[in-house]
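Below, read A as the first sequence line, B as the second, and so on, with proteins coming before strands; counting in each chain starts at 1.
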Amino acid sequence: MAAPEPPPPEGSRPLSALLGGIAQAAFHGNAAVTDELLRGQLYPEAPPEEFRALRAKMGGLLQSIASADMDLNQLEAFLTAQTKKQGGITSDQAAVIAKFWKNHRTSIHESLINQSRWDNVLKNMNWRVDLKSQLRHIDQINTPVAIVEMEVGKNGQESEFLCLEFDEAKVNQMLKKLSEIEESMTLLTQTT
Amino acid sequence: MGRDAGGAANKINLIPQDFFAELCEQIIHHLNHKIPGVNTAELCQRIQTSGIEINIGDLAKIANILSFLFSTAARNNLSTEELVTTLGSAVSTLPKHALQVIRHVWNEQGKSITAAEDARNVATVGQFVDMKWKLGVAMSSDTCRSLKYPYVTVTLTVADPSGQITDKSFEMTIPQFKNFFRQFKEMASVLETV
């Protein structure tokens with residue numbers, strides 16, 4: 001028998017907001033969204049025990065859905081199974097969860113991806129073209145060069161700014177390699 | 001000074017002192033960003049007119065070596081004596097008047113290059129040497145069993161202004177990579193039109 005749920009005052013809005021709050025805390029790392037805050041804002045009339053149970057149940061479901069990055073078919077099957085089991089969810093709740101996941105799947109998945117990027121990432125890139133005069137080789141007086149600035153660093157840590165010079169030949173060398181990558185990527189997306 | 005110095009030093013013997021001084025001055029002014037470059041062709045013509053047999057290739061080589069010498073000295077903030085020491089064994093092969101000119105020019109104008117170089121090198125512009133890459137797919141993690149995101153890891157081999165070669169690695173998502181690629185294509189088209 002499902003534990004008595006706090007009556008949803010305005011239909012599904014508190015549940016939808018609860019899911020949003022859970023996602024903020026669990027996936028987007030927002031420490032300001034506490035259980036107390038959620039209860040106070042969304043279910044002020046509910047006894048603390050009941051709210052805790054609801055929050056735990058919804059949190060668990062959302063975790064499973066996000067971890068599997070469920071598509072719509074998987075989601076439907078999953079939620080249907082949940083409505084049928086002991087201590088599961090109502091079909092109204094299933095509908096709210098489904099709608100929430102449809103709207104937030106991409107941003108939650110992106111957050112999860114970011115959580116697993118521990119190495120240096122490219123944060124930003126700028127460039128300009130200069131006319132450079134230098135003496136090294138007589139034929140290089142007044143050649144155009146690209147000056148590229150790349151901001152590189154680990155997520156949440158200080159960046160290093162790489163400032164590099166590319167003449168036309170080097171840019172072409174880079175383009176060749178980048179084309180190779182693109183080719184490999186195309187093969188990859190064709191086979192997955 | 002490298003292996004070229006031997007051959008070039010021989011040719012330095014040919015250049016009269018005043019022309020050699022002019023060459024050094026032009027090089028210093030170039031390093032100071034006062035002039036865009038050294039007018040080797042014009043100087044060579046005048047030297048030839050005065051009866052000296054030197055070809056433009058040799059003069060260019062000499063100019064290269066002197067430029068390298070002065071800019072390295074500037075970067076390392078060398079005093080005149082330290083500069084002479086840098087010349088090492090080449091000192092004995094250089095004609096006395098050439099050495100005198102180098103000392104004098106450096107005494108008078110060495111400091112001005114140092115200042116100019118410092119200002120320019122603040123951003124530490126390195127030279128791109130090479131790039132290695134790999135394409136991976138992150139399948140799963142402790143926070144997400146079904147990550148399945150493809151990413152590109154790139155390692156840039158870079159020569160910093162002092163000549164040191166280092167590797168810098170970083171990761172890009174597919175959208176980031178596409179943007180990266182697009183930017184380089186834009187660079188290429190701008191370089192072509194300039």
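- Taking 4.5 Å as the limit, some side-chain heavy atom of Phe180(B) sits within range of a side-chain heavy atom of Met150(A).
- The shortest side-chain heavy-atom distance between Val190(B) and Trp127(A) falls under the 4.5 Å cut-off.
- Heavy-atom pairs under 4.5 Å with chain A were tallied for Ile56(B), Asp142(B), Leu147(B); the largest tally goes to Leu147(B).
- Under the 3.5 Å distance criterion, with hydrogens and angles disregarded, a donor-acceptor pair is assigned to the side chains of Asp130(B) and Gln173(A).
- For Ser169(B), the part lying under 4.5 angstrom from a heavy atom of chain A is the backbone only.
- Using a 30° and 60° split on the angle between ring planes, Phe184(B) and Phe166(A) fall in the perpendicular class, above 60°.
- Distance check: Leu112(A) CG to Tyr149(B) OH gives 11.5 Å after rounding to the nearest 0.5 Å.
- In this structure, Glu45(A) places its CD atom where only 12 or fewer heavy-atom neighbours from other residues, nucleotides or ligands lie under 6.0 Å away.
- A continuous path of ILVMFWY side-chain contacts below 4.5 Å connects Met172(B) to Val137(B), so both sit in one hydrophobic cluster.
- For Val152(A), the part sitting under 4.5 Å from any heavy atom of chain B is the side chain, from C-beta outward, and nothing else.
- Taking hydrophobic clusters as Ile, Leu, Val, Met, Phe, Trp and Tyr residues chained together by side-chain heavy-atom distances below 4.5 Å, Leu42(A) does not share a cluster with Leu37(A).
- Val121(A) and Met185(A) sit in two unconnected hydrophobic clusters of ILVMFWY residues. Membership requires side-chain heavy atoms under 4.5 Å apart, directly or through other members.
- You'll find the side chain of Thr173(B) reaches within 4.5 Å of the side chain of Arg117(A), heavy atoms only.
- Minimum interatomic distance between Ser141(B) and Ser116(A) (heavy atoms only, all atoms of both residues): CB-CB, 4.3 Å.
- Linking Ile, Leu, Val, Met, Phe, Trp and Tyr residues whenever their side-chain heavy atoms come within less than 4.5 Å places Leu14(B) and Leu43(B) in a single cluster.
- Among the candidates Gln115(A), Arg128(A), Glu182(A), the residue making the largest number of heavy-atom pairs closer than 4.5 Å to chain B is Glu182(A).
- Taking chain A as the reference chain and counting heavy-atom pairs below 4.5 Å, the highest number among Glu186(B), Lys132(B), Lys134(B), Lys178(B) is found for Glu186(B).
- Neither the backbone nor the side chain of Ser140(B) comes within less than 4.5 Å of any heavy atom in chain A.
- Interface residue Leu135(B): only side-chain heavy atoms are found under 4.5 Å from chain A.
- Considering every non-hydrogen atom in both Leu191(B) and Ala146(A), the closest pair reads CD2-N, 4.0 Å.
- With a 4.5 Å cut-off on non-hydrogen atoms, Gln176(B) touches chain A through its side chain but not through its backbone.
- At a 4.5 Å heavy-atom cutoff, the contact between Leu156(B) and chain A is made by side-chain atoms alone.
- Few gaps surround CD on Glu82(B); more than 12 heavy atoms of other groups in view lie less than 6.0 Å from it.
- In this structure, Lys168(B) and Asn120(A) have side chains that are not in contact, with every pair of non-hydrogen atoms separated by 4.5 Å or more.
- No more than 12 heavy atoms of other residues, nucleotides or ligands lie within 6.0 Å of CD in Glu183(A), so this atom counts as exposed by the packing criterion.
- Using a 4.5 Å heavy-atom cutoff, the side chains of Leu178(A) and Phe181(B) are in contact.
- Residue contact with chain A, scored on non-hydrogen atoms closer than 4.5 Å, is absent for Ala138(B).
- Atom-to-atom distance recorded for Phe128(B):CZ and Asp167(A):CG is 10.5 Å, nearest 0.5 angstrom.
- In this structure, the separation between CG on Asn179(B) and CG on Leu122(A) is 8.5 Å, given to the nearest 0.5 Å.
- Using a 4.5 Å heavy-atom cutoff, the side chains of Val125(B) and Leu164(A) are not in contact.
- For Lys185(B), the parts sitting under 4.5 Å from any heavy atom of chain A are the backbone and the side chain alike.
- Considering only heavy atoms from C-beta on, Val148(A) comes within 4.5 Å of Met187(B) through its side chain.
- Of the atoms belonging to Phe177(B), it is side-chain heavy atoms, and not backbone ones, that fall under 4.5 Å from chain A.
- Contacts with chain B were tallied for Ile181(A), Ile147(A), Asn172(A), Val171(A); Ile181(A) has the most, counting heavy-atom pairs under 4.5 Å.
- Nearest heavy-atom pair across Lys177(A) and Trp133(B) is O-NE1, 4.0 Å.
- Between the Ser67(A) side chain and the Arg145(B) main chain, a donor and an acceptor come within less than 3.5 Å of each other.
- Neither the backbone nor the side chain of Glu149(A) comes within contact range of chain B; no heavy atoms are under 4.5 Å apart.
- Pairing each heavy atom of Ser146(B) with each of His109(A), the nearest pair is O-CE1, 3.3 Å.
- Interatomic distance, CD of Glu171(B) versus NZ of Lys154(A), reported as 10.5 Å (0.5 Å rounding).
- Met131(B) and Val152(B) fall within a single hydrophobic cluster, where Ile, Leu, Val, Met, Phe, Trp and Tyr are joined by side-chain heavy atoms under 4.5 Å apart, directly or via other members.
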